[in-house]
Protein chains: 2
Amino acid sequence: MEKGVLSAAAMRSALFSQLPATETSRLLAASMPRQFQPGQVLFHQGDTSEYLYQIVAGLVRITQINSEGEQITLRIMRPGDLCCVAAFRQPSYPATATAIEDTTVLAWRVGSFVALTQQSPAIADNVVCIAGDRTREMLQRATEMTGKCIAQRIAASLLRLSAQAGTATADGIHIESPVTRVDLASMAGLTYFTVSRTLSAWQKQGLVRSGRHRLTILDMARISEIAEPRPARG
Amino acid sequence: MEKGVLSAAAMRSALFSQLPATETSRLLAASMPRQFQPGQVLFHQGDTSEYLYQIVAGLVRITQINSEGEQITLRIMRPGDLCCVAAFRQPSYPATATAIEDTTVLAWRVGSFVALTQQSPAIADNVVCIAGDRTREMLQRATEMTGKCIAQRIAASLLRLSAQAGTATADGIHIESPVTRVDLASMAGLTYFTVSRTLSAWQKQGLVRSGRHRLTILDMARISEIAEPRPARG
DNA sequence: CGACTCGTTGAGACAACTCAATGGGTGTGG
DNA sequence: CCACACCCATTGAGTTGTCTCAACGAGTCG
């Protein structure tokens, strides 16, 4: 990918949002473009945090190992997302990031990135926004996981997944190849089998269309309703 | 509480950490001390976010309503904690905060706090640190909840609770009155009864001492081991 | 066309939930 | 000072729902 295209793509992101031109160029100047192939790991859980990544193209799966030794998919990162806010001022990465498509990122050394935020209130402000957003999402996720009803957890994970890795089509939201129901299961903290059963049932009801390596949400409204039975207060 | 004491207490916190004197006084000048009695609500989930709070004394329970309509305890906030980072640049509070002891806070209007962070890189830096920390914690929590084994979830919640609301005694970590096993159940996403059963079993093994409105962790090491069976990989 | 992989489905086991009843502290009023 | 009532915690029995494991079916690739 060419440098101009790369920075153009990067600038449509929360990190670069509403930044004065000087800050934008400082950020870009300090960044290093890097490429990852599917399966390549950007960083491992527990590694000393050296780099921050802004995803420009591709898809990245963020996983954590739970106490039973299973890989839990926390979220899918897409172009525009900043990886990983939780490591920002921490000694080590809290999770593992794996490219699941050909992925292009801008990388910053943690030290230089911190220096930039300290020099530029505008950048710092954007980082704070992103961090708040991410915290809120994880808060939400932690709450969702406490629900007893499995269908709700699957529906909630499905919504999350569709927002993070879905593409809109005529039929509905389409979730493509590298993201399988294995991801769905590991996001919802369930078995494979249970997810498969639930999706089968939903398919019979016309809520989703599910197949080999692909998944389409046909009736977004009802999936949302399953995830959140009583329309959220507030 | 007197103003001097109040600010002295506030300054031993992540928000004020390593702040130049000018920033400290600006923060303090913009703050308003407020008092809450047990049961009083600092803010409700879904309310427009008007204030940020730094807890100076007391204890605050952060809860969220899950899709089944149950109150989930997300964490307990203690003196030094900043409430709530997740609302920082968000239109509404993502959770409800309730005082569970007589609680003193410093409050900032969101607008003036944002202005301060935009003027002061040092403050912004601290906020980012706090947000990163909180995100990491919730990330961890979301992962813990995916575990099938109930004992692990209870143990993990117990550790979290003891860190957030425990006091060290000769016997072990003591978790006192306003935090009951109802909290523990709602943190772990379990029923009352299941938590009670598990704690009984642990009491027989001498891991905890559990009673009316009080709970002491006697064998921290083994509780940790239950929470994290295979010592976390690095 | 055959081998392989991914997804579905079924039967049985087991663990947590539901609900009800009992036990034990704590505080109050006689 | 004792007895009662109340609240919190414990325990038990039955039910439900997910997990485990195994076999089957379908789609994909060579």
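Reminder, nothing fancy here: chain letters follow the sequence lines and each chain counts from 1.
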Open item on the list: In whole Å, I'd like the distance from the NZ atom of A:K204 to the C1' atom of C:dG7.
Closed with: 13 Å

Open item on the list: Looking at the base of C:dG10, is there any donor atom on it, or on the side chain of A:R197, that sits under 3.5 Å from an acceptor on the other one?
Closed with: yes

Open item on the list: Looking only at the side chain of A:Y192 (C-beta and beyond, no hydrogens), which of the listed nucleotides D:dA9, C:dC17, C:dG7 gets closest?
Closed with: C:dG7

- [ ] Please determine, for the side chain of B:K148, which listed nucleotide (D:dC19, C:dT8, D:dC8) has the closest atom?
- [x] D:dC19

Task: Rounded distance in Å - CD (B:Q152) to C1' (C:dA16) - done: 15 Å

Task: Nearest-nucleotide comparison on DNA chain D, the residue closer to the 5′ end among B:V195 and A:C149 - done: B:V195

Task: Length of the CG-P vector between B:L199 and D:dT11, whole Å - done: 11 Å

Task: Among C:dC6, D:dT11, D:dC19, the nucleotide that comes nearest once only the side chain of A:L190 is considered - done: D:dC19

Task: Candidates C:dT18, D:dT11, D:dC19 - which lies nearest the side chain of A:T191 - done: D:dC19

- [ ] Drop me the distance from B:L74's CG to A:L139's CG, to the nearest 0.5 angstrom.
- [x] 4.5 Å

- [ ] For the pair A:Y53 and A:F43, name the ring-plane relationship: parallel under 30°, tilted 30 to 60°, perpendicular over 60°.
- [x] parallel

TODO: Select from B:I150 and B:F193 the residue whose nearest nucleotide in DNA chain C is closer to the 5' end of that strand.
DONE: B:I150

Task: Between B:R197 and B:T191, a side-chain donor and acceptor under 3.5 Å - done: no

- [ ] Round to the nearest Å and state the distance from A:D183 atom CG to C:dG7 atom C1'.
- [x] 15 Å

TODO: Could you tell me whether the side chain of A:Q45 and the main chain of A:I65 form a donor-acceptor pair under 3.5 Å?
DONE: yes

Task: Interatomic distance, B:R209 CZ vs D:dT10 P [rounded to whole Å] - done: 14 Å

TODO: Consider the side chain of A:T194, meaning its heavy atoms from C-beta on, and name the nucleotide among D:dT11, D:dA9, D:dC19 that approaches it most closely.
DONE: D:dC19

- [ ] Determine whether the side chains of A:N66 and B:T146 contain a donor N or O and an acceptor N or O closer than 3.5 Å.
- [x] yes

Open item on the list: Output the rounded distance in Å from NE2 (B:H213) to P (D:dT10).
Closed with: 12 Å

- [ ] Would you kindly give the CH2-to-C1' distance between B:W202 and D:dT11, to the nearest whole Å?
- [x] 18 Å

TODO: Verify the contact: side-chain N or O of A:S210 to OP1 or OP2 of C:dT8, cut-off strictly under 4.0 Å; return yes or no.
DONE: yes

Task: Protein-nucleotide distance (B:R214, atom CZ; C:dG24, atom P), rounded to Å - done: 15 Å

- [ ] Return no unless some side-chain N or O of B:S200 is found under 4.0 Å from OP1 or OP2 of D:dT11.
- [x] yes

- [ ] Counting heavy atoms from C-beta on, name the nucleotide in D:dT20, C:dG25, C:dC6 closest to the side chain of A:R212.
- [x] C:dC6

